[in-house]
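Chain letters run A, B, ... following the sequence lines, proteins first, then strands; residues in each count from 1.
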Amino acid sequence: MAPTDLHEVANTFATGIPNLIDQVDQLVRAIPVGSVATYGDLAKSLGDSVASRWVATYLLDPACGVANLSHRVVRSTGEVGLHFSESIEAKIELLRGEGVVVVNDSIDLKIYRAQLPTIVPSLAKLKAWQRDFECPVETDFAVAKIQTIGGIDVSYGKKQAVSACCLLKSSGQTKIATHTYTGIANFPYITGYLAFREIPLHLNLLAQMQSAGTLPDVLLIDGNGRLHPRRMGIATMLGAITGIPTIGVAKKLIYGVIQVPKLKVGQWEPIVASKDEPDEILGYAIMPHTKTKHPIYVSRGFGIDDDSMKAIIERCLAGHRSPEPIYWADRESRKIASTL
DNA sequence: GCGACAG
DNA sequence: ATCTTGTCGC
Ligand SMILES: [Mg+2]
């Protein structure tokens, strides 16, 4: 089987990513004078209520496309909430000027809530893709044949972001090379959708590395794999579309519970969705060394089994909290991003 | 009212 | 993730 041309994969993937900003702008412009919508209403129209926090963040930005209309978006409690002008009074006056009655900084949503237009529920589509993907179980991964281990991470500058991939020897301890790609992250950060924000940058970088013949045999990614509400975190998705075996390594728990919360250094503790489902192991927590209180959360991405994953992560641990490939990718990407 | 929420 | 100075500890 001929290897996939990653430049092509990068283009295809980028084409499928929705423009959430345009969609929110469209929704906000559709709120009639004298009516309001809630942050959650807008998020649900986009296809997932978890996006409500991003919607709020976006509308609080004076530079957003619809700042002049953002006073029409309020909290689900009816409270007017914050305004980009940093003056709640200004927001209230704008609403009153449009005929909305505001009492105790609150609005009666039963009266003033707008009927929003139906738009393409982009997040619901992305969610369905994550949920319906059936990750094949790998049984042939050969740890002994690994020659290089990669670590990949993104850092953000003023306008642009930098994806860096560091290559280490199979020992997981010696850095061989660093490759970087600088571009723009268009999709916002929304919990559960990190892949759509960072994968486009990673793909451009990996395409470049493919041309140079420097792709790693296994890739550690800053983020989760199977440890995800829909079992398809960024590591799973990046592996599935590139064919590169991947492992997700996160610094915070996004989902699930640690079966045995008593963590000992170097011991792998399974993470499950809930105590009621102890049989489906989504990932593991492991304390990387004595000098930290915080574990790392490791889950398989694509093309690798849990035992091989553990063996590779173990040989990548050194004096830092993160495995060396991730540690270096974080450092190298930040070094460049801080100059942008 | 409180807690959760990858980067 | 980023915004930021000093400070405590190995
Ligand atoms: Mg990162």
With no hydrogens and no angle check, just 3.5 Å: does a side-chain donor-acceptor pair link A:His83 and A:Ser85?
yes

B:dG7 P sits how many Å from A:Leu194 CG, rounded?
8 Å

Which part of the nucleic acid, if any, lies within contact of A:Leu227, taking any heavy atom under 4.0 Å across all strands shown: a base, the sugar-phosphate backbone alone, or nothing?
nothing

To the nearest angstrom, the CH2-P distance between A:Trp54 and B:dA6 comes to 17 Å

Check the interface with nucleotides 1-4 of chain C: list each N/O to N/O pair with the protein under 3.5 Å, or write none.
{"from": "C:dT2", "atom 1": "OP2", "to": "A:Arg334", "atom 2": "NH1", "distance (Å)": "2.8"}

Take atom CG of A:Leu201 and atom P of B:dA6, then tell me their distance rounded to the nearest Å.
19 Å

Can you say whether the rings of A:Tyr193 and A:Phe196 are parallel (under 30°), tilted (30 to 60°) or perpendicular (over 60°)?
tilted

When every non-hydrogen atom of A:Phe84 is compared with those of A:Leu59, the smallest separation belongs to CB-O, 4.2 Å

Would A:Lys310 pass as a cation-pi partner of A:Tyr284, given that its NZ or CZ must be under 6.0 Å from the six-membered ring centre and within 45 degrees of the axis?
yes

Rounded to the nearest Å, what distance is computed from the CE atom of residue A:Met232 to the P atom of nucleotide B:dA6?
19 Å

Under 3.5 Å, is there a donor-acceptor pair linking the side chains of A:Gln267 and A:Glu269?
yes

What residue among A:Val218, A:Thr174, A:Leu167 forms side chain to side chain contact (heavy atoms under 4.5 Å, CB included) with A:Ile149?
A:Val218

Assess the side chains of A:His71 and A:Glu98: does a donor N or O sit below 3.5 Å from an acceptor N or O?
yes

Just the rounded figure in Å: distance from P of B:dG7 to NE2 of A:His294.
12 Å

Pairing of DNA chain C as dot-bracket, 5' to 3': ( ) intra-strand, [ ] crossing, | other strand, . unpaired, with Watson-Crick or G-U pairs under 3.5 Å?
..........

Sugar-phosphate only, base, or nothing, as touched by A:Tyr193 at under 4.0 Å among non-hydrogen atoms
base

A:Tyr58 versus A:Ile21, closest heavy-atom pair with distance:
OH-CG2, 3.3 Å

Can you confirm whether A:Ser122 sits close enough to A:Asn19 that some side-chain heavy atom of one is under 4.5 Å from a side-chain heavy atom of the other?
no

Is the distance from OP1 or OP2 of B:dA6 to the nearest side-chain N or O of A:Tyr189 less than 4.0 Å?
yes

Nearest-Å distance, OH (A:Tyr327) to C1' (B:dG7)?
19 Å

Rounded distance in Å - OH (A:Tyr255) to C1' (B:dG3)
17 Å

Can you measure A:His228 atom NE2 to B:dA6 atom P for me and round it to whole angstrom units?
10 Å

For a 4.5 angstrom cut-off between non-hydrogen side-chain atoms, does A:Ile286 reach A:Leu263?
no

Assess the side chains of A:Ser274 and A:Glu277: does a donor N or O sit below 3.5 Å from an acceptor N or O?
yes

Secondary-structure notation, DNA chain B, from Watson-Crick and G-U pairs under 3.5 angstrom (| other strand):
.......

